[in-house]
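Working notes for the structure below.
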Amino acid sequence: MFQIIKSMASRYAEELKRRVERRTVEMEQDDTSHYLLYRVLGVMEEEGRLIDLYQNKGRFLYKYAGSFLEEAAVACIKHRFPQATRVKIPNPSGGRPKTFEIDCLVDGLAHEIKWRDATTDGDHITKEHTRVRAIRESGYVPVRVMFYYPQRLQAMRIQETLETLYQGIGGSYYCGDRAWAYIKDLTNIDLLKILEEIANVRG
């Protein structure tokens with residue numbers, strides 16, 4: 001499994017590098033007239049340029065880091081349970097979205113895999129409530145696996161509400177150390193250790 005995840009990491013790293021390099025070239029042609037406002041607020045032009053550059057790099061990094069970890073976790077589950085699959089279920093409320101996607105369904109357990117969830121949007125709770133109810137009405141047990149807990153108080157409170165929601169409907173909620181332990185217990189694969197080994201090799 002180590003080689004599979006290492007190969008996956010290399011693929012994501014190369015794609016991330018390509019996207020960042022492409023965006024860096026594109027930004028050389030950007031209109032920088034807004035730097036006037038940066039200067040008004042005490043941020044000099046070179047610092048403003050670097051802020052814009054790293055803000056763009058950060059968006060790509062967060063996207064690829066999340067997609068990679070979620071794919072790696074699903075790969076571990078599928079290695080242990082070849083029948084595991086991604087499925088869509090109908091929204092029982094009839095509203096939007098019309099369907100919800102289960103990241104990894106195995107033996108009746110409907111896993112939602114997230115690297116982290118830093119949302120502070122109250123509507124997120126309503127959507128999750130509908131999603132969890134849809135899973136239950138489809139005959140599955142909702143399981144949320146989130147590897148990194150948010151840092152900001154409002155986002156943390158939303159996660160506390162979601163944990164209560166999952167537990168109240170008979171599901172499970174794993175975050176932080178409990179998420180890594182859950183994947184290890186479920187699959188007999190120590191995903192955290194594999195990632196640490198890959199990271200150490202890359203420096």
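These numbers were taken from a predicted model, which means no experiment stands behind them.
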Item to complete: Please indicate whether Asp177 has more than 12 foreign heavy atoms, meaning atoms of other residues, nucleotides or ligands, lying under 6.0 Å from its CG.
Response: no
Item to complete: Evaluate the ring planes of Trp115 and Tyr62, with Trp represented by its six-membered ring, and classify them as parallel (under 30°), tilted (30 to 60°) or perpendicular (over 60°).
Response: tilted
Worksheet entry | ILVMFWY cluster, Phe68 and Ile113 together (side-chain gap under 4.5 Å) | yes
Discussion item. Looking at Glu71 and Arg11, is any side-chain nitrogen of the basic one under 4.0 Å from a carboxylate oxygen of the acidic one?
Written reply: yes
Practice prompt. Step by step, work out the side chain to side chain contact (heavy atoms under 4.5 Å, CB included) result for Thr164 and Glu160.
Written response: CA-CA 6 Å; Thr164 302; Glu160 290 169 0; 5.7 Å; no
Fill in: Evaluation steps, side chain to side chain contact (heavy atoms under 4.5 Å, CB included), between Thr130 and Asn91
CA-CA 7 Å; Thr130 305; Asn91 182 346; 3.2 Å; yes
Practice prompt. Output the distance between atom CG (Leu186) and atom CG (Asp107), rounded to the nearest 0.5 Å.
Written response: 9.0 Å
Discussion item. Quick one, Met27 with Arg22, criterion side chain to side chain contact (heavy atoms under 4.5 Å, CB included). Give me CA distance, side-chain angles, the key distance, then yes/no.
Written reply: CA-CA 9 Å; Met27 289 182 69; Arg22 188 185 315 154; over 6 Å; no
Worksheet item: Asn56 and Glu26: side-chain donor and acceptor closer than 3.5 Å?
Response: no
Worksheet item: Where do Val145 and Ser172 land on the side chain to side chain contact (heavy atoms under 4.5 Å, CB included) test, with the steps shown first?
Response: CA-CA 8 Å; Val145 181; Ser172 300; over 6 Å; no
Worksheet item: Can you check salt bridge (charged side-chain N to carboxylate O under 4.0 Å, His left out) on Arg39 and Glu45, steps first, answer last?
Response: CA-CA 7 Å; Arg39 287 165 44 218; Glu45 187 167 317; 5.2 Å; no
Fill in: Audit row: Glu46, Arg49, salt bridge (charged side-chain N to carboxylate O under 4.0 Å, His left out) steps and yes/no
CA-CA 5 Å; Glu46 178 58 20; Arg49 187 188 69 79; 2.8 Å; yes
Worksheet entry | Closest non-hydrogen atom pair, Phe2 against Glu197 | CE1-OE1, 3.4 Å
Worksheet item: Got a sec, which hydrophobics cluster with Ile51, joining ILVMFWY side chains under 4.5 Å apart, including via others?
Response: Tyr35, Tyr38, Val43
Item to complete: Determine whether the side chains of Glu112 and Tyr166 contain a donor N or O and an acceptor N or O closer than 3.5 Å.
Response: yes
Item to complete: Is it possible for you to check whether Arg18 lies under 6.0 Å from the centre of the six-membered ring of Phe60, through NZ or CZ, and within 45° of that ring's axis?
Response: no
Worksheet entry | Partner residues of Arg59 under the salt bridge (charged side-chain N to carboxylate O under 4.0 Å, His left out) criterion, sequence neighbours left out | none
Worksheet item: Are His111 and Tyr182 near enough that their ring centres are under 6.0 Å apart?
Response: yes
Worksheet item: Of the non-hydrogen atoms in Pro142 and Ile135, which two are nearest, and what is the gap between them?
Response: N-CG2, 3.8 Å
Worksheet item: Of all heavy-atom pairs between Arg178 and Glu163, which one has the smallest distance, and what is that distance?
Response: NH2-OE2, 3.4 Å
Worksheet entry | Residues forming a side chain to side chain donor-acceptor pair (under 3.5 Å) with Glu14, sequence neighbours excluded | none
Fill in: Considering all heavy atoms, the nearest Pro92-Arg133 contact
CG-NH1, 3.9 Å
Worksheet item: What are the two closest heavy atoms between Ala134 and Pro90, and how far apart are they?
Response: CB-O, 3.7 Å
